[in-house]
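This report refers to the structure that appears directly beneath it.
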Amino acid sequence: MDKMAIRIQSLTRDFEGVRALDGLSLEVPSGIIFGFLGPNGAGKTTTIRLLLGLLEPSSGQAEVLGYDTRNQADQLRPLVGALLEHNGIYEQMSAEDNLEFYGRAFLLPVAERSRRIQELLVEMGLWERRKDLARTWSRGMKQKLALARTILHRPRLVLLDEPTAGLDVQAAVAVRESLTALAEQEGVTVFLTTHNMVEAEKICAQIAVIRQGRLVALGSPDELRATTGKLQVVIIGRGFTQHVLNVLQQRNEVESVEQKDHHLVLHMRLEPDIPTLIGLLAGEGVQVTEVHQGKANLEETYLQLMEEER
Amino acid sequence: MNTDIMTIIWKESKGLLKQGKGRSKSILVLLTPVIMFGIILPIQFREEWLDMGWSLTIALFTPIVLIAPTICESFAGERERHTLETLLASRLPDRAILFGKMLVSIIYGYGVTIFLLIMSLAIVNILVWNGKFQFYQTNILLANLGLGLLFSGLMVSLGILISLRSATVQSAQQVLMMIVVVPIFGLQAIVFLLPTFLPMSSIREFLGKFNYDQILLVILGVLLLIDIGFLLAAMSRFKRSRLILN
């Protein structure tokens, strides 16, 4: 198997004078969950459409599972599962018929088709209501059904456009677990877009951040935090007066100070000297109960990236 | 390819009577030609229904009434319900999607046309039974079968072309009905207005010069060419990227 499931080189797509994708280049290794992050209108959906060969690039090229998306999309699509912006469920058909249709479309043999449909519906907790019309289902159930449809034919790559958007916590967790199992147990490459940073941080092995069609960062969540996320010190205790805040603010290594109830968050410019800081605070009458040191989380890193690009 | 077309036909047939305005309205649309051309008109015209060509109304109107709502659903409906992109992201080839959707509507419209020809034949025979089974005149039967098929093809290919470009089912139906109904009203207007400009005797004399079998063949030939033209246009218009952008 090719080490890279996706290779994108200088991919550009214009829509009537508007550049949706601007020379995007990246590679997605096989068998991992790859997060594709960016604000609305950054070019995420356009990228997925280009990867599926549903749109032609204005320039540049993309190779998915070894196939050129511009002229080999017909060979590529049987190997890919896609859950796009809308779930694509036929509401006037039952859940079973929705899967039956796509099972036939992907040429699954009859026996395997019914076994696979049962397996997936049971796994997703939808088996009991398989005969009901999909329009009578909740949004979360439809999304799970759409995910089942996406992986029905055992694709080597799944492209997911915000798969957990609008789901309740339980449904989102179930979807995330399914995706993790898919990558870890079956070696499927998962390429997903999401606005949920916690989700991306939890399940993605690698992340790309785009803005206005351009790549602004690429790496594992840890690497992104390390390269762009700033050091933070969180101090929990009592007695944080304005004077204490001012004293801390004047220190060279401290960039800014934020007070949240019984927490102080220090955004650091330089590596902090924790014992000195605690000694300073104790001298000012602060009762320190806990101190945490670490990098900013992915959400803060992402916001910082967006800020820098402005 | 055939398997893929059958897959689309399977899917389309699942929703044929349940789409858009719901099952009851779809059944009402189906019952309208059944009652009109299968019962009322044969009772009214009796033997003339089989001999004089009144039955041609089945081939002319049934495809229009039945196919217009279903064919507009084909792509505009998928687009409206946000299922089109997922369908296009599947491995199904362009031609299979296009032909599958076209075939299911033709089978539906033409199938009901043939059913109505048989039903009205039975009604007339029950009404005028004299111990001998009466059948359509050969040329009228062939005209019905040919016109029914070509009108179904015309409605389907024209409907597909419009549906490919329309954002909603309603707008597709409006455009299609306008294109189909305007020429029919135009023809009616000519039939009604002609006697005010020309005496009936001259019209009869003029019409008497023609061989109607030949006229029918010309009409069928023209319809066939139009059908092929629209089909080719639909095939060239069906591009995944264009459908996504629309």
Side-chain angles (χ1 to χ4, degrees), chain A residues 13 15-16 20 45-46 48-58 69-70 73-94 96-109 113 133-135 142 146 149-150 152-153 155 158-161, chain B residues 1-27 69-70 73-101 104 167 169 238-246:
Chain A
R13 172 70 206 203
F15 293 104
E16 293 169 1
T45 301
T46 301
I48 287 186
R49 287 173 172 172
L50 287 163
L51 292 178
L52 281 165
L54 296 178
L55 287 177
E56 285 190 5
S58 304
T69 58
R70 198 191 283 266
D74 290 344
Q75 288 117 290
L76 159 69
R77 283 192 206 104
L79 308 173
V80 179
L83 171 49
L84 304 169
E85 199 175 0
H86 300 285
N87 61 37
I89 295 294
Y90 291 102
E91 306 243 334
Q92 80 277 19
M93 285 163 64
S94 69
E96 202 171 35
D97 283 345
N98 266 282
L99 295 187
E100 174 71 23
F101 169 56
Y102 277 99
R104 286 173 185 232
F106 282 97
L107 301 177
L108 291 184
R113 197 160 68 217
L133 294 185
R135 69 164 171 248
K142 284 182 207 165
R149 181 204 60 217
T150 305
L152 178 69
H153 58 295
V158 292
L159 302 171
L160 309 169
D161 201 351
Chain B
M1 181 74 153
N2 287 345
T3 313
D4 294 332
I5 291 175
M6 290 308 293
T7 297
I8 291 288
I9 290 177
W10 179 86
K11 195 274 280 182
E12 292 292 312
S13 63
K14 283 271 164 185
L16 194 64
L17 293 178
K18 297 185 211 166
Q19 287 171 343
K21 295 172 181 173
R23 192 183 203 127
S24 52
K25 286 197 176 173
S26 301
I27 289 172
T70 58
E73 287 275 346
S74 60
F75 290 101
E78 296 253 13
R79 188 177 286 125
E80 199 173 305
R81 289 188 291 273
H82 305 297
T83 52
L84 183 63
E85 199 172 358
T86 302
L87 178 68
L88 298 177
S90 75
R91 60 154 289 285
L92 289 167
D94 290 5
R95 293 283 150 85
I97 296 173
L98 182 67
F99 292 154
K101 282 178 176 285
V104 82
V169 176
F238 189 96
K239 296 235 168 13
R240 276 172 148 89
S241 57
R242 188 179 285 168
L243 286 174
I244 293 289
L245 293 175
N246 280 344

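Numbers restart at 1 for each chain; the letters A, B, ... are given by sequence-line order, proteins then strands. The structure presented is a predicted model; accordingly, all values stated were derived computationally and were not measured.
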[atom2] on [Y] to [atom1] on [X], rounded to 0.5 Å:
| X | Y | atom1 | atom2 | result |
| --- | --- | --- | --- | --- |
| Glu12(B) | Glu73(B) | CD | CD | 9.0 Å |
| Gln92(A) | Asp97(A) | CD | CG | 10.0 Å |
| Glu85(B) | Leu52(A) | CD | CG | 8.0 Å |

### Message
Between Leu84(B) and chain A, with a heavy-atom cut-off of 4.5 Å, which part of the residue counts as in contact: side chain, backbone, both or neither?
### Response
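The answer is neither part of Leu84(B).
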### Query
Which bit of Ser90(B) is near chain A, if near means a heavy-atom gap under 4.5 Å: side chain, backbone, both or neither?
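For Ser90(B), the contact with chain A is made by backbone and side chain together.
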So for [X], is it side chain, backbone, both, or neither that comes closer than 4.5 Å to the heavy atoms of chain B?
| X | answer |
| --- | --- |
| Asn98(A) | neither |
| Leu83(A) | neither |
| Leu54(A) | both |

#### Entry: Best-contacting candidate, Asn87(A), Leu107(A), Asp74(A), Leu159(A), against chain B by heavy atom pairs under 4.5 angstrom
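The residue among Asn87(A), Leu107(A), Asp74(A), Leu159(A) with the greatest pair count is Leu107(A).
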### Task
Find the one option among Leu84(A), Leu79(A), Val80(A) whose heavy-atom pairs under 4.5 Å with chain B are most numerous.
Leu84(A)
### Note, Val104(B) side chain near Thr70(B) side chain (heavy atom, < 4.5 Å)
no
### Task
Under the salt bridge (Lys or Arg N to Asp or Glu O under 4.0 Å) rule, what do Asp4(B) and Arg91(B) come out as? Steps first, then yes or no, please.
CA-CA 9 Å; Asp4(B) 294 332; Arg91(B) 60 154 289 285; 3.0 Å; yes
### Query
Under 3.5 Å, side chain of Arg70(A) to main-chain N/O of Glu56(A), donor-acceptor pair present?
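Answer holds: no.
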